[in-house]
Structures are given as C-alpha cells and as structure tokens.
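Keep in mind it's a predicted model, so treat the numbers as computed, not measured.
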Amino acid sequence: MLDIAATALGTIVLLTSALAIPTALRVRGRVPFFVATLVTAAASVVLVFILLSLAKTLTRPGILATQAGLAAAALASWALSGRPRPPTGWQEGLRAAILASRKHPAETIAAALAVVALIVQFVVAVRVAPNNWDSMTYHLA
C-alpha cells in the first residue's frame, strides 16, 4: 500500500512542476504546451536522479522530497510570473476525438488495446527487476 501511495504522490508532484513551468513560461498552443509539459517532466526526473546520485542519497524519500522542492519552486515561478493560465480549447479536441471514435470503432478498439499494452509495460517496468541475459550483461552496466 505504501508503494501505491508513494507512486501517486510522486505523480502528483511531478505533474505539478511539469504543468507549472510551461504555464509560467507562457507556452501557447495545445500541442507546444503538451510537448513542453512532457519535456519538463522528463528533465525534472533526470535532474533529480542525477543530483541525488551524486550526493549518494537516491532513495524514495529523497526522490519525493526533491521533486516536492522542485514543484514548490515551479509554483513560485508561476506565481511570480503573474499566474498565467494554460492554453484552452482542450474540450473541442476531446469532442472531436469522441466523434471520430464513434465513426471508426475498429480504430478505437485498436487504440484502446495499445493503451492497455502500454499500461501493462509500464507496470512491468516499474515493478519487475531486469532479469534476462541482455539486461544483466551490458545494459545495466
């Protein structure tokens, strides 16, 4: 249960900083904002892991605390930049996707299966240690 709570808390903290920074930078447009959010999330994960590895404090509490500090800094920068709003217009894109899914049910089922497969792969990647020859010989090194 602690693993689930830590993962949920970490996700919330990561999303907070990933959304606050592109909003504070006033990235306009839905697609550029989405890309900036993904890049910010990836950069914050890499930054936190590198800093904690250098300090030899790469632990779950260290990761959560450092990500929380980064999220606090991101929220502070968002507040200092005048609290800009993220791009709007997401509802129209969602409505268009729903209409397209009704017109093309086979493609919708294929996309849903792809999402399920990605979720399964994510869970396996997070929960199962590498245990095959390829990973154990040179990928981990």
When rounded to the nearest 0.5 angstrom, what is the spacing between [atom1] in [X] and [atom2] in [Y]?
X: L52; Y: T57; atom1: CG; atom2: OG1; answer: 4.5 Å
X: I98; Y: T108; atom1: CD1; atom2: OG1; answer: 10.5 Å
X: F49; Y: T66; atom1: CZ; atom2: OG1; answer: 10.0 Å

Are the side chains of [Y] and [X] in contact, using a 4.5 Å heavy-atom criterion?
X: L2; Y: R60; value: yes
X: R83; Y: W78; value: yes
X: R127; Y: D3; value: yes

For [X] versus [Y], what's the shortest heavy-atom pair and its separation?
X: S77; Y: A74; answer: OG-O, 2.8 Å
X: T16; Y: I12; answer: OG1-O, 2.7 Å
X: R85; Y: R28; answer: O-NH1, 3.2 Å
X: S44; Y: A41; answer: OG-O, 2.9 Å

Common cluster, L75/V27, ILVMFWY with side-chain heavy-atom separation under 4.5 Å: no
Co-membership, hydrophobic cluster, residues L64 and L58, 4.5 Å side-chain: no
Stepwise side chain to side chain contact (heavy atoms under 4.5 Å, CB included) check, S81 with R26: CA-CA 9 Å; S81 66; R26 291 180 169 83; 3.9 Å; yes
Matching residue for L14 among V45, L70, I63 - test: side-chain contact (heavy atoms from CB on, under 4.5 Å): V45
Polar side-chain atom of S17 near backbone of A71 as donor-acceptor pair, under 3.5 Å: no
